[in-house]
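Both backbone and side-chain heavy atoms feed into the values below; hydrogens, waters and symmetry mates do not. Since the model is a prediction, treat every value here as computed from it, not as a measurement.
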Amino acid sequence: SSPGIILVAINPYKQLPIYEEEVIYAYSGREVGDMDPHIFALAEEAYKQMSRYGRNQSLIISGESGAGKTASAKFAMRYFTTVGSSRGDCSMEEKVLASSPVMEAFGNAKTTRNDNSSRFGKYIEIGFSQTYVTGATIKTYLLEKSRV
């Protein structure tokens, strides 16, 4: 196995026009390093490795409270559901992306850095049939010992 790619992203705490659909298509099919570092570049590399070699891929998104982990995960999911939509089936994209707010509604709390900080970790598995998204499952695990 080869070493993974690391992307350091900073939460700007405001919306930026760098996550639009046209940006997804700009990164689609490109090689890492052809364009600026971006969550879509990592998602494209994982998608390419999965589709070319049939190997499962993982994106590990880590950081402090308020760092933008949930937003980054949503952007990666949007990338996969856009480039891997089932021949124009946007309902799959909607279903996969709609699952995140439901999970966020449970177990969140206010912290000094984030008004809606999750008390648990999320493992999101996106299923593919060839290169088309077929669905997703979300598993949660408790992070804070004090909550047990």
I'd like to know if the side chain of Thr134 and the backbone of Gly127 have a donor-acceptor N/O pair within less than 3.5 Å.
yes

Please report the C-alpha distance between Ile5 and Glu45 in whole Å, then the side-chain angles of each, then the deciding distance to 0.1 Å, and finally whether the side-chain contact (heavy atoms from CB on, under 4.5 Å) criterion is met.
CA-CA 9 Å; Ile5 301 163; Glu45 184 62 18; 3.7 Å; yes

For Arg78 and Thr82 the tightest heavy-atom approach is O-OG1, 2.7 Å

Exam field: side chain Lys74 to backbone Lys69, donor-acceptor pair closer than 3.5 Å:
no

Is there a continuous path of hydrophobic side-chain contacts, each under 4.5 Å between heavy atoms, that joins Phe75 to Leu16?
yes

To the nearest 0.5 Å, what is the distance between CD (Glu44) and CZ (Arg30)?
10.0 Å

If I compare all heavy atoms of Leu59 with all of Ala46, which pair ends up nearest, and what's the gap?
CD2-CB, 4.4 Å

Under a single-linkage definition using a 4.5 Å side-chain heavy-atom cutoff for Ile, Leu, Val, Met, Phe, Trp and Tyr, are Val32 and Tyr25 assigned to the same hydrophobic cluster?
no

How about Gln15: does its CD atom have over 12 heavy atoms from other parts shown lying under 6.0 Å from it?
no

Once the angle between the rings of His38 and Tyr27 is folded into 0 to 90°, is it parallel (under 30°), tilted (30 to 60°) or perpendicular (over 60°)?
tilted

Going from CD on Gln57 to CD1 on Ile126, what distance comes out if it is rounded to the nearest 0.5 angstrom?
12.5 Å

Identify the two heavy atoms, one from Tyr19 and one from Val23, that lie closest to each other, and give their separation to 0.1 Å.
N-CG2, 4.5 Å

Starting from the C-alpha separation in whole Å, work towards a yes-or-no answer on side-chain contact (heavy atoms from CB on, under 4.5 Å) for Phe128 and Ser51.
CA-CA 9 Å; Phe128 289 84; Ser51 59; over 6 Å; no

Nearest heavy-atom approach of Tyr47 to Val83 is OH-O, 3.5 Å

Is a donor on one side and an acceptor on the other found under 3.5 Å between the side chain of Ser28 and the backbone of Ile24?
no

Mind checking whether Ile124 and Tyr79 sit in one hydrophobic cluster, side chains of I, L, V, M, F, W, Y counted as touching below 4.5 Å?
yes

Which heavy atom of Ser72 sits nearest to which heavy atom of Ile39, and what is that distance?
O-CG1, 3.9 Å

If you compare all heavy atoms of Ile18 against all heavy atoms of Phe40, which two are closest, and at what distance to 0.1 Å?
O-CE1, 4.0 Å

